[in-house]
Amino acid sequence: MVAVLCLNLNRFKAINTSLGHLAGDALLQAVALRLRACVEAQDMVARLGEAEFSIVLLSRTRKREIIHFIRELLTALSHSYNIEGCEVQALFGVGVTLYPQDNSTSDILLYHANMAAHWQKDADSNFQFYTPDLDAKLTERKLMEINLHQALERSEFQLFYQPQVNLITGRIVGVEALLRWQHPELGLIPPFKFIPMAEETKLIVPIGEWVIKTACAQAQSWQAHGCSPIRISVNLSACQLQQSLIQSMTQLLQCSNFDPSWLELEFTETSVMEQADTTITLLHQLKSLGLQISIDDFGTGYSSLNYLRRFPIDTLKIDRSFIVDVASDTSSASITAAIIAMAHSLKFKVIAEGVETKEQLNFIKKHGCHAMQGYLFSPPVPAQVFQKMLQTDKRLSN
């Protein structure tokens, strides 16, 4: 038995961008040295692409030995690297294929190992053995990607709207626009299935522009039907955090005549921290257009408080993973209370997401949370249903 391993260095592009290409090269060299130190003389190590390595493992001939080697290899690679005075963590995904049972052709073996490395992200561990069903998954993915390319031009996307409610007055004070994909044959495709693919293929940029335009047009339609102006929030991907976003937002606001103070752009905590210094500049440029800025899923990332105070933020949204346990888990309760207190001290508004029970509602009210969003008040609904909520002045009951 021979094992062929494909190792992908995750987030190498971000390391290369933040530390520079010389540092990126130094990291690749350091990784290569560790790889060579882990293998025997009869094994082969190669660099196949920018941040992709491969090992042909001849020294281990049983599957359990191969698994043991991979675990030792990943442990060795996981220790931090000192690159030009900076401590850098390198995270790897590993795909594995076996000769002769998986195939006997070198090209196909490498293809299988690479495919397994790609699907490793869905595995419970950080390595994945090739199995024939991965071919079917890849075919399904390719079909999904083709459909995704066509979805925008075929008008298959739609927006649902989830209200945000003031906890003092009980009145609706905002709404989040949530993207849905209604495929004519596959039915309603949940966002977690297509958003990551849209980000990988960069389709999220034109899709994101459509979301913003549609949400603004819908907000204007509600006003035309006699509803008071209301803040509307849209989620933006890390891929959209680039200079072209400023240009497209400027053009959209000029063409639509939409009041920017009623539009809130939501970025996840992780996305704004990836290239924090660049992001600060972009967020300030967006704020100069009169837009509101919100940090979504707060508490799940690794924000530096030093950066957080420099971001021109209006609102923090506490991630639902904390809210779900606030009434039963002391750690979640402590973190949630701390986020609310911190938001107050930094003069940010704070919204709790995923509020589904009275106990959760009572907790966030007690700690001074400004607003809530969740099924306790309303699930995401079509535009017409949300319009009726506004027109009838639906309120949160105490």
Side-chain angles (χ1 to χ4, degrees), residues 10-24 27 83-89 176-177 195 198-200 202-213 215-216 231-256 258-317 319 339 342-343 345-351:
N10 298 327
R11 296 186 68 252
F12 176 69
K13 188 171 289 186
I15 295 170
N16 225 9
T17 302
S18 58
L19 297 180
H21 293 286
L22 290 178
L27 175 60
I83 306 296
E84 297 183 357
C86 296
E87 292 294 312
V88 177
Q89 294 295 136
E176 181 178 0
I195 293 293
E199 291 178 330
E200 285 177 32
K202 299 293 187 278
L203 282 171
I204 197 67
V205 175
I207 292 172
E209 289 180 359
W210 177 87
V211 169
I212 296 171
K213 288 178 183 176
C216 291
R231 186 187 69 252
I232 189 162
S233 303
V234 294
N235 295 283
L236 274 78
S237 163
C239 303
Q240 293 170 267
L241 259 175
Q242 48 193 331
Q243 195 63 39
S244 60
L245 176 62
I246 310 298
Q247 297 160 1
S248 63
M249 287 306 309
T250 302
Q251 186 177 7
L252 182 148
L253 292 170
Q254 288 173 346
C255 294
S256 67
F258 187 78
D259 183 346
S261 64
W262 295 108
L263 178 60
E264 183 175 69
L265 304 182
E266 290 190 12
F267 301 92
T268 64
E269 181 182 8
T270 305
S271 69
V272 296
M273 288 305 300
E274 274 194 355
Q275 298 182 46
D277 290 315
T278 304
T279 301
I280 288 171
T281 302
L282 284 170
L283 293 184
H284 276 287
Q285 289 176 318
L286 290 170
K287 280 293 292 180
S288 70
L289 297 176
L291 301 162
Q292 302 279 298
I293 304 294
S294 171
I295 301 299
D296 197 13
D297 298 342
F298 190 79
T300 59
Y302 303 93
S303 286
S304 159
L305 293 181
N306 180 48
Y307 275 116
L308 194 61
R309 67 181 177 83
R310 292 167 57 196
F311 288 134
I313 299 168
D314 298 288
T315 307
L316 290 182
K317 297 186 74 176
D319 187 69
I339 292 173
M342 181 193 68
S345 65
L346 293 172
K347 295 183 171 51
F348 300 153
K349 294 190 290 290
V350 58
I351 297 177

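If you're wondering where the values come from, they're calculated on a predicted model, not measured in any experiment.
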Residues forming a side chain to side chain donor-acceptor pair (under 3.5 Å) with Glu266, sequence neighbours excluded |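 Testing Glu266 for side chain to side chain donor-acceptor pair (under 3.5 Å), a comparison that skips the adjacent residues, returns Lys317.
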Would Leu263 and Met249 satisfy side chain to side chain contact (heavy atoms under 4.5 Å, CB included), going step by step from the backbone distance to the final call?
-> CA-CA 11 Å; Leu263 178 60; Met249 287 306 309; 3.7 Å; yes
Please find the pair of heavy atoms, one from [X] and one from [Y], that lie closest to each other, and give the distance.
X	Y	answer
Pro206	Lys202	CD-O, 3.5 Å
Ile293	Pro312	CB-O, 3.5 Å
Val350	Ala343	CB-CB, 3.9 Å
His284	Arg310	NE2-O, 3.4 Å

Side chains of [X] and [Y]: does their closest heavy-atom pair fall under 4.5 Å?
X	Y	answer
Leu245	Leu236	yes
Leu282	Phe267	no
Leu241	Thr278	no
Val234	Leu265	yes
Leu316	Met342	yes
Ile313	Phe298	no
Ile295	Val272	yes

Go through the steps for Glu176 and Ser233 under the test side chain to side chain donor-acceptor pair (under 3.5 Å), then give the verdict.
-> CA-CA 5 Å; Glu176 181 178 0; Ser233 303; over 6 Å; no
Quick one: [atom1] on [X] to [atom2] on [Y], what's the gap to the nearest 0.5 Å?
X	Y	atom1	atom2	answer
Leu283	Phe311	CG	CZ	6.5 Å
Glu199	Cys239	CD	SG	5.0 Å
Ile232	Gln292	CD1	CD	13.5 Å
Leu253	Ser248	CG	OG	9.5 Å
Ser256	Ile212	OG	CD1	10.5 Å
Ile195	Leu203	CD1	CG	10.5 Å

Residue Leu346 excluded, over 12 heavy atoms near CG under 6.0 Å |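 Enclosed.
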Whether Gln254 side chain and Gln251 backbone form a donor-acceptor pair below 3.5 Å =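 Checking the backbone N and O of Gln251 against the side chain of Gln254, no donor-acceptor pair under 3.5 Å is found.
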Could you list the residues that satisfy salt bridge (Lys or Arg N to Asp or Glu O under 4.0 Å) with Lys287, not counting sequence neighbours?
->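 Partners of Lys287 under the salt bridge (Lys or Arg N to Asp or Glu O under 4.0 Å) test: Asp314.
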